[in-house]
Amino acid sequence: MASNAAGTGNSGSGADGDAPRRNRPKYSKFTQQELPACKPILTPKWVVSVFFLVGVVFVPVGVVSLLAARDVVEIIDRYDHACVPPNMTDNKLGYIRNETISKDCTRTLRVKKDMKQPIFVYYQLDNFYQNHRRYVKSRNDAQLRDYKKANQTTSCEPERFTADGKPIVPCGLIAWSLFNDTYSFSRGNENLPVDKKDISWKSDREHKFAKNVYPSNFQNGALIGGKMLNASIPLSEQEDLIVWMRTAALPTFRKLYGRISVDLKVNDTIIVKLSNNYNTYSFGGKKKLVLSTATWLGGRNEFLGFAYLIVGGLCIFLAFAFTLLYVIKPRKLGDHNYLSWNRHPSGR
């Protein structure tokens, strides 16, 4: 019996050896890593040249970017504390929640440099976390772009339905908390109109907010979060809403309110009449009004210029350092004596 078992085992082994190998991959230069390849040799001259070239390119770009950023003229005015009546400074929450107290406020701005049109009007909020996970998810994009899904309010908690069960359009916390401060500007006896057309992204107006979806049951609850929406205007034309619903990534952000198409001269006095409606006092936030010009590079942002200067300067420094090292202590390319197993035990 043992002999039979052994014979069976041997015959099985032979059968396996004679069977063709079906799992062998098809031969190709790609799978066998035989494709032609470029293997650059980083010689000292190449390294120094690359560092020097990057530095020579980056430094001028950084200088030009900084000069462009510093050509931008900004006027920034924080008004959330200044617009609180003197007798309510110790109870700001009571002030903002009391509807019988007027929220109208007048601010005076002075132009320090000439500002050429268009002058962009922004509102800036500090300590407002639009990137909070529950806040960002509290919306329904299908409802915004398709009138057939106007009753769809999934993921809009806690602003899905009114008290009597009617769906809210647009639903969600983002829309509910829409910024509702307003501004008007004048210079002497001249009104400075604010153009609010095309302040949002064209792609948002055309693809994310439908022309046949209208607000309904919006801000009808007991607690009003922000601005009211005109129920006769489709969402694609409610540009303040579209701008607001493109949520910010950082807790300090600016959003475009409009444009002023009038040049402002140095020492001009701008009178701003605003309504201080938006509640930032409950979470320790700040509100600022910003008037800004723009250059070919955009608004005022010196980070890009400094980044180019730092990287370019570092590359030039490394180029000179490597050049000096190569001159003082040259090293023959491909010298086998520098390999660890060829070095003398006492060192070189």
Indicate yes or no for a side-chain donor-acceptor contact from [X] to the backbone of [Y] under 3.5 Å, with no hydrogens or angles considered.
X    : Y    : result
N140 : A142 : yes
T269 : R110 : no
S275 : D104 : no
R70  : E302 : no
N279 : S282 : yes
E157 : S138 : no
Q219 : G225 : yes
K255 : L125 : no
D126 : T252 : no
R300 : A68  : no

Counting only heavy atoms not in [X], do more than 12 sit closer than 6.0 Å to its [atom1] atom?
X    : atom1 : answer
Y147 : OH    : no
Q33  : CD    : no
F303 : CZ    : no
E99  : CD    : no
D90  : CG    : no
F283 : CZ    : yes

Side-chain heavy-atom pair [X], [Y] within 4.5 angstrom cut-off:
X    : Y    : answer
V59  : I316 : yes
L274 : C83  : yes
N267 : V111 : no
S28  : T31  : yes
I270 : L192 : yes
V73  : D114 : no
T153 : P167 : yes
S216 : I168 : no

Closest non-hydrogen atom pair between [X] and [Y], with its separation:
X    : Y    : result
R254 : Q124 : NE-OE1, 2.8 Å
T89  : P86  : OG1-O, 3.3 Å
I242 : S236 : CD1-O, 3.6 Å
D71  : T293 : O-OG1, 4.2 Å
G284 : N127 : O-ND2, 3.5 Å
S292 : V72  : OG-CG1, 3.6 Å

Between [X] and [Y], is any side-chain donor less than 3.5 angstrom from a side-chain acceptor?
X    : Y    : value
R205 : S200 : yes
Y122 : E74  : no
N276 : K287 : yes
Y135 : S177 : yes
S261 : D195 : no

field: Steps toward salt bridge (charged side-chain N to carboxylate O under 4.0 Å, His left out) verdict (D204, K202)
entry: CA-CA 5 Å; D204 288 353; K202 183 179 179 182; over 6 Å; no
field: Cation-pi geometry met for K329 and Y326 (6.0 Å, 45°)
entry: no
Shared hydrophobic cluster for [X] and [Y] (ILVMFWY, side-chain gaps under 4.5 Å):
X    : Y    : value
V243 : V213 : no
V311 : L318 : no
F128 : V136 : no
L297 : V64  : yes
F161 : L144 : no

- request: May I have the step-by-step check of side chain to side chain contact (heavy atoms under 4.5 Å, CB included) for E159 and C171, ending in yes or no?
  value: CA-CA 6 Å; E159 293 296 318; C171 66; 5.6 Å; no
task: Apply side chain to side chain contact (heavy atoms under 4.5 Å, CB included) to K103 and list each qualifying residue two or more places apart in sequence or on a separate chain.
output: Y95, I96, I101, N277
message: Restricting to side chain to side chain contact (heavy atoms under 4.5 Å, CB included), what partner residues turn up for L53, sequence neighbours left out?
response: V57
task: Indicate the ring-plane relationship of Y183 and Y79, choosing parallel, tilted or perpendicular according to the 30° and 60° boundaries.
output: perpendicular
- request: Could you tell me how the ring of F179 sits relative to the ring of Y123: parallel (under 30°), tilted (30 to 60°) or perpendicular (over 60°)?
  value: parallel
message: Assess the residue pair I310 and F58 against the criterion (side chain to side chain contact (heavy atoms under 4.5 Å, CB included)); give the C-alpha distance rounded to whole Å, side-chain angles, the decisive distance to 0.1 Å, and a yes or no.
response: CA-CA 9 Å; I310 292 172; F58 274 40; over 6 Å; no
message: Between L291 and F185, is the side chain to side chain contact (heavy atoms under 4.5 Å, CB included) condition met? List the steps.
response: CA-CA 11 Å; L291 302 183; F185 303 87; 3.9 Å; yes
Can we say [X] and [Y] salt-bridge, meaning some charged N sits less than 4.0 Å from an Asp/Glu carboxylate O?
X    : Y    : result
D268 : R187 : yes
K288 : D77  : no
K208 : D141 : no

message: To the closest 0.5 Å, what do you measure between CZ (R160) and CD (Q143)?
response: 10.5 Å
- prompt: How long is the span from the CD atom in Q32 to the CG atom in L35, to the nearest 0.5 Å?
  reply: 10.5 Å
- prompt: Can you check side chain to side chain contact (heavy atoms under 4.5 Å, CB included) on V272 and L109, steps first, answer last?
  reply: CA-CA 7 Å; V272 183; L109 308 178; 3.7 Å; yes
query: Only one of Q130, Q238, K227, E239 forms a side-chain contact (heavy atoms from CB on, under 4.5 Å) with W244, so which one is it?
result: Q130
